[in-house]
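Not measured: the values here are computed from a predicted model.
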Amino acid sequence: SAGTLAIASGAKTSGFGKIGQVVSTTKTDYFDGASTSYVDITGMTATITPASTSSKVLVNIFLNLSHHSSGKFGFIKLQRNSTDVCVGDAAGSRDQVTTGRYSAYGPNGFGMNICFLDSPSTTSACVYKLVGRASSGTFSVNRDGDDSDSSNRMRGASTFTVMEILD
């Protein structure tokens with residue numbers, strides 16, 4: 001009360017919730033994924049080695065995603081050391097993904113954010129990456145599906161940042 005917090009004898013009173021390592025990359029080139037199976041999205045990877053097994057890792061991603069055809073999906077998964085993390089629950093034959101994009105009106109781009117607090121419980125290197133696939137056809141990162149040379153078409157940038165949150 002009155003701005004005072006009682007701390008038990010021997011309890012930690014500082015050092016928790018601080019930012020440790022920060023690893024960040026920006027992807028400015030484009031990527032095309034012409035696959036209905038998951039493929040690594042080049043340049044959308046970050047590796048961090050937690051200092052403690054109780055550290056958490058905050059993953060922040062901004063992604064420009066598009067599909068080349070209307071009526072098609074682009075699916076994205078976040079992985080840690082090639083294991084899916086931050087995906088939806090199983091439900092029939094639906095794909096368990098982190099996020100996705102439905103191209104309803106043709107080959108246009110769409111920016112999306114992914115923010116996930118992970119508890120890897122390790123002091124070994126954690127490789128975080130994005131993988132993607134198309135329902136059919138081709139999905140793209142950092143360009144729209146049309147990609148004609150016009151001032152009405154875009155080339156974007158995507159970012160991938162991981163931060164260690166110390167215990």
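For the pair Phe139/Phe31, a side-chain contact is recorded, criterion being any heavy-atom separation below 4.5 Å from C-beta on. Counting heavy atoms from C-beta on, the side chains of Val131 and Ile41 never come closer than 4.5 Å. The side-chain heavy atoms of Thr123 and Thr53, taken from C-beta on, include a pair separated by under 4.5 Å.
Closest approach of Val23 to Ala46, counting heavy atoms only: CG1-CB, 4.1 Å. Looking at every heavy atom in both residues, Ser24 comes nearest to Thr161 through OG-OG1, 2.8 Å. Gly74 and Leu65 make their closest contact through O-CD2, 4.0 Å (heavy atoms, listed as atom of the first residue, atom of the second, distance). Gln21 approaches Ala51 most closely through the heavy-atom pair NE2-N, 4.2 Å. Smallest separation of non-hydrogen atoms from Ser135 and Thr36: O-CG2, 3.6 Å. Between Pro50 and Val57 the shortest heavy-atom distance is CG-CG2, 4.4 Å.
Remark: Phe75 pairs with Phe73 by the ring-ring contact (aromatic ring centres under 6.0 Å, His included) rule, at least two apart or across chains. With sequence neighbours left out, the side-chain contact (heavy atoms from CB on, under 4.5 Å) criterion links Thr122 to Pro120, Ser124, Cys126. Contacts of Thr28 classified as side-chain hydrogen bond (donor to acceptor under 3.5 Å, both in side chains), with partners at least two apart in sequence or in another chain: none. Judged as a side-chain hydrogen bond (donor to acceptor under 3.5 Å, both in side chains), and not counting sequence neighbours, Thr45 has no contacts. The side-chain contact (heavy atoms from CB on, under 4.5 Å) test applied to Thr99 returns Ile76, Met112, Ile114, not counting sequence neighbours. In this structure Ser150 satisfies the side-chain contact (heavy atoms from CB on, under 4.5 Å) test together with Ser148, Asn152, Arg153, sequence neighbours excluded. Residues passing the side-chain hydrogen bond (donor to acceptor under 3.5 Å, both in side chains) test with Asp40, sequence neighbours excluded: Lys129. Not counting sequence neighbours, the partners of Lys56 by the side-chain contact (heavy atoms from CB on, under 4.5 Å) test are Leu117, Ser119, Ile165. Taking the salt bridge (Lys or Arg N to Asp or Glu O under 4.0 Å) definition, one finds that Asp95 meets it with Lys77, Arg133, sequence neighbours left out. With sequence neighbours excluded, no residue forms a side-chain hydrogen bond (donor to acceptor under 3.5 Å, both in side chains) with Thr47.
Interatomic distance, CG of Leu166 versus OG of Ser55, reported as 5.0 Å (0.5 Å rounding). How far CG of Asn60 is from CZ of Phe160: 10.0 Å, rounded to the nearest 0.5 Å. Here the straight-line distance linking atom NZ of Lys27 with atom CG of Asn64 works out to 11.5 Å at 0.5 Å rounding.
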- Please test Asp84 against Thr98 for side-chain contact (heavy atoms from CB on, under 4.5 Å), starting from the C-alpha separation and ending with a verdict. CA-CA 9 Å; Asp84 297 346; Thr98 304; over 6 Å; no
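Using modelled atom types, one finds a donor on one side chain and an acceptor on the other under 3.5 Å when comparing Ser158 with Asn142. Side-chain N/O atoms of Ser140 and Asp32 include a donor and acceptor closer than 3.5 Å. A donor and an acceptor atom, one from each side chain of Asp118 and Tyr128, are located under 3.5 Å apart.
In this structure, Val39 is a member of the same hydrophobic cluster as Leu130, with clusters built from ILVMFWY side-chain heavy atoms closer than 4.5 Å. Residues Met44 and Val85 fall within the same hydrophobic cluster, defined by Ile, Leu, Val, Met, Phe, Trp and Tyr side chains chained together at heavy-atom separations under 4.5 Å. Linking ILVMFWY side-chain heavy atoms closer than 4.5 Å, directly or via other members, places Ile48 and Phe116 in a single hydrophobic cluster.
Of the charged side-chain nitrogens involved, none lies within less than 4.0 Å of a carboxylate oxygen, so that Arg155 and Asp29 do not count as a salt-bridged pair.
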